[in-house]
Amino acid sequence: MTMSIDAQVATMPMAKALNAGLRQAMADNDKVLLMGEDIGKLGGVFRITEGLQAEFGESRVLDTPLAESGIIGTAIGLAMRGYRPVCEIQFDGFIYPGFNQITSQLAKLTNRNEGSLQMPVVIRVPYGGHIGAIEHHQESPEAYFAHTAGLRSVSPSTPNDAYWMIQESIESNDPVMFFEPKSRYWPKGEVDLSGSAAALHASRVVRTGTDVTVVAHGAMVSVLLAAAELAAAEGISLEVVDLRSIAPIDYAPILESVRKTGRLVVAQEAPGNVSVGSEIAATVAERAFYSLEAPVLRVSGFDVPFPPAKLEALFLPDADRILEAVDRALAY
Amino acid sequence: MAETETTSPVPPVQVLAADGTFSPTATAEPYLPYLDALSDADHEQFYRDMVTARAFDIEAANLQRQGQLALWPPCHGQEGAQVGSGRAARAQDHIFPSYREHAVGLIRGVDLLGIIEVMRGTTHSGWDVSDPRNGNFRPYTLVIGAQALHATGFAMGVKFDGATATGNPDTDEAVMVYFGDGATSQGDVNEAMVFAASYQTPQVFFLQNNHWAISVPVTTQSRTPLFERAKGFGLPAVQVDGNDVLASYAVSAKHLADARSGGGPQLIEALTYRIGAHTTSDDPTKYRTQEVTDSWVAKDPIVRFEAYLRNKGASEEFFSTVVSDAKEFTADIRARTHAIEDPDLTFMFDSVYSEDHPLMTEQREWLSAYERSMAGGAA
């Protein structure tokens, strides 16, 4: 991190921005606790919580026993007591032992208690591919949670969004699934420390264009931006929308863009069958049918388990696969 | 019995023999001081609690048979374990029930119509735990064992707050979680004990071994006495005759006191029996014999305690008053059950989230308009 004492804009990678955001949230509210495996002395396997246990103590940054259901279930109990726990799931594919506590308990407790109980719990999930890792370490499980009523799900694509969205998620009185695109942990970006430019659940046009709207969340946003550069060189203008939130989805900027371009390509690392992209395609077809010049197209991971890492470049959509879909949309 | 009982070399804690005579086992010795503190009025209250809970339970099952409720999970037979433990908890304690702890809810001050509402299908909870009149008795949890982790997390919070182990038993808080023998096979219950031991939570795990997880006997869950397992997690553990209300009380009072004073998590296994069906949807004749059930009816906690009270000289008037009060209680429940109104049509959208959510707004408005269009022809 490079910044002077009074600088309002700092340059840092997302990993550091998350660390800074967590530190700020903990400093602002002593009910904020961090829980997870190896997050204390080690600072987490991605070092997102590095230094926080030394700064805030072992009762604010908990190295928990190795049990995901236990982490989520006890976080629920702590939230019932008035705490605001932030749980780290070590890797995307390790979240499933906690699935019941997330979907049947955390998501439903406010409803079960008819609003008299709030569940301000954040579950941080490093997710997605591009890191060449072994099985269970590169998955994109967000659709399971976006499908579940009672949860909110977000995914930042930049260090600035990471810094602000983690703090806004911790301030939320509803449970938030916070999907961190781990392949974007290390590239640096500017963080405006003076304030957040967008609400937690707002989607945002991050590059304006006129020919085709392309939409994604998390790490795939950077792929869309790279595709837009390549397309521009060929005279095709892409408008890029960063979803930022996948539950709820902020449709207004997407619909406004589609009404302008008439074409939409939705991209995601997750398998496409019954996915976030499917939902966007259906909703846009329902709400902007007469604006569409072409069917909404999805570019997704294939409907297979995440393959061995030597095949991940074929599994994960890249700029060329985005452009192939853009060409098909334009051919209508 | 061999099919449904795991045997421990140490006899369970018991103070009342099945015929109601006061004859504590050697294992009861450390718990007897907690009984010395009880007055005749306390004893009468225990009896009243058990009789009221039994009457309520029978009434609710009848209401289900009459089509008023979708389902009823009876507590019949488990009143000794529930009243003993429920009365041992202090006002500042926090109770995480499963879904059969009707007698504990009664003791904590919950209007039991709330349980009726849940089983009728007008709400998922029926009472508001944030209302102090409900005695920190949390809504029922139906996914088996999930509440054990919530209780442990809550107890971690109690400890982080410094609200326990200050040396003041009138304010130091403890947490008690109820679960059954089937739940002991769930990962969540085991993880709860792991976390409880790690963080030394002020907590009592109260296991009602009623011998049946719907149709599956406890021997399928465990070949060792269940309380022995807790020791492997590092929890002090004891097995008690759950059909002995005094033993259940004394054991619970001591282990809650230990948890409250910094002794860490504890486990109590109360041996009892589900005299009724799992729920009104169940048919116990398909998987268990009447002989075994009859052998447990002979150990009925109410009959046993009534014999004890009669031996001590309780008046006939007391018993008849309790019975007539219980009748009044159930008549009131029955009348109010018939008066329960269905929830408003948009109720389902009201508290899915604490904060605004566009899907809730859209769908609430859509359903309202749709219903208006169906009712009046104009949306």
Side-chain angles (χ1 to χ4, degrees), chain A residues 30-31 33 35 59-60 62-83 85 97-98 100-101 103-121 148-152 171-175 200-201 247-252, chain B residues 94 96 118 123-131 138-143 145-161 163 173 175 177 186-188 190-199 201 343 347-362:
Chain A
D30 63 10
K31 292 294 185 186
L33 304 180
M35 308 171 67
S59 63
R60 302 270 320 268
L62 281 64
D63 267 327
T64 64
L66 206 167
E68 286 77 12
S69 189
I71 293 167
I72 309 295
T74 54
I76 289 168
L78 282 158
M80 289 172 169
R81 183 69 187 182
Y83 286 86
N100 169 61
Q101 285 291 344
T103 56
S104 287
Q105 303 302 327
L106 180 62
K108 293 185 170 72
L109 271 158
T110 294
N111 183 245
R112 187 178 305 148
N113 285 270
E114 298 184 358
S116 68
L117 177 70
Q118 296 182 329
M119 275 289 119
V121 176
T148 300
L151 300 176
R152 297 172 181 274
E171 283 168 16
S172 169
N173 287 322
D174 289 320
L200 179 61
H201 294 292
I249 292 169
D250 175 17
Y251 281 104
Chain B
H94 305 269
F96 287 71
V118 170
T123 177
H124 289 321
S125 60
W127 60 95
D128 176 1
V129 68
S130 68
D131 181 338
R138 305 203 79 91
Y140 280 176
T141 296
L142 306 183
V143 178
Q147 76 280 9
L149 282 169
H150 306 165
T152 297
F154 194 97
M156 288 163 67
V158 169
K159 190 172 180 186
F160 295 160
D161 288 346
E173 299 175 35
V175 175
V177 57
Q186 287 280 12
D188 278 2
N190 290 275
E191 290 185 24
M193 286 192 243
V194 169
F195 277 66
S198 280
Y199 296 100
T201 50
F347 170 74
M348 70 177 99
F349 302 107
D350 289 347
S351 47
V352 181
Y353 300 90
S354 292
E355 298 170 4
D356 286 346
H357 192 288
L359 290 180
M360 298 305 100
T361 308
E362 285 168 26

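Each chain gets a letter, A, B and so on, in the order its sequence line appears, and its residues count up from 1.
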Which answer fits A/Asn100, side chain, backbone, both or neither, if we ask what part of it has an atom under 4.5 Å from a heavy atom of chain B? side chain

Select, from B/Asp161, B/Val352, B/Val143, the one with the greatest count of heavy-atom pairs under 4.5 Å involving chain A. B/Asp161

Using a 4.5 angstrom heavy-atom cutoff, name the option from A/Pro120, A/Ser104, A/Gly77, A/Ala67 with the most pairs to chain B. A/Gly77

Heavy-atom pair of closest approach, residues A/Glu68 and A/Gly98: CB-N, 4.0 Å

Does any backbone or side-chain atom of A/Asp30 lie under 4.5 Å from a heavy atom of chain B? Answer side chain, backbone, both or neither. neither

Please classify the contact of A/Leu151 with chain B as side chain, backbone, both or neither, using a heavy-atom distance under 4.5 Å. backbone

Can you find a side-chain donor-acceptor pair between A/Ser172 and A/Asp174 that sits under 3.5 Å? no

Closest-packed option against chain A by number of heavy-atom pairs under 4.5 Å, given B/Phe160, B/Phe347, B/Phe96: B/Phe160

At a heavy-atom separation under 4.5 Å, does A/Ala75 approach chain B through its side chain, its backbone, both, or neither? neither

B/His124 meets the ring pair (Phe, Tyr, Trp, His ring centres under 6.0 Å) criterion, sequence neighbours left out, with none

Rounded at 0.5 Å granularity, tell me how far CD in B/Glu191 sits from OG in B/Ser198. 11.5 Å

Pick from B/Met348, B/His150, B/Met156, B/Arg138: which one has the most heavy-atom pairs with chain A under 4.5 Å? B/His150

Taking atom types as modelled, is there a side-chain donor on B/Asp188 or A/Gln101 under 3.5 Å from an acceptor on the other? yes

Flag the one option from B/Thr123, B/Leu359, B/Val158, B/Thr141 with the top tally of heavy-atom pairs under 4.5 Å to chain A. B/Val158

Once you measure the plane-to-plane angle for B/His357 and B/Tyr353, does it fall in the parallel (<30°), tilted (30-60°) or perpendicular (>60°) bin? parallel

Heavy-atom pairs under 4.5 Å with chain B: which of A/Ile71, A/Thr74, A/Ile76 has the most? A/Thr74

On a heavy-atom basis, which atom in B/Phe195 and which in B/Thr152 lie closest, and how many Å separate them? CB-CG2, 3.8 Å

Looking at A/Asp250, A/Ile72, A/Leu62, A/Leu117, which has the largest count of heavy-atom pairs under 4.5 Å with chain B? A/Leu62

Options A/Gln105, A/Gln118, A/Glu114, ranked by heavy-atom pairs under 4.5 Å with chain B, top entry: A/Glu114

Measure distances from B/Tyr140 to the heavy atoms of chain A and classify the residue's part below 4.5 Å as side chain, backbone, both or neither. backbone

Here the gap from B/Ser125 atom OG to A/Arg112 atom CZ, rounded to the nearest 0.5 Å, amounts to 9.0 Å

Could you tell me which portion of B/Ala146 (side chain, backbone, both or neither) has an atom closer than 4.5 angstrom to a non-hydrogen atom of chain A? both

When only pairs under 4.5 Å are counted, which of A/Pro65, A/Ser116, A/Gly115, A/Ala149 shares the most heavy-atom pairs with chain B? A/Pro65

Euclidean distance, B/Glu355 CD relative to B/Met360 CE, rounded to 0.5 Å: 14.0 Å

Considering residues at least two apart in sequence or located in another chain, which fulfil the side chain to side chain donor-acceptor pair (under 3.5 Å) criterion with B/Glu173? A/Arg81, B/His94

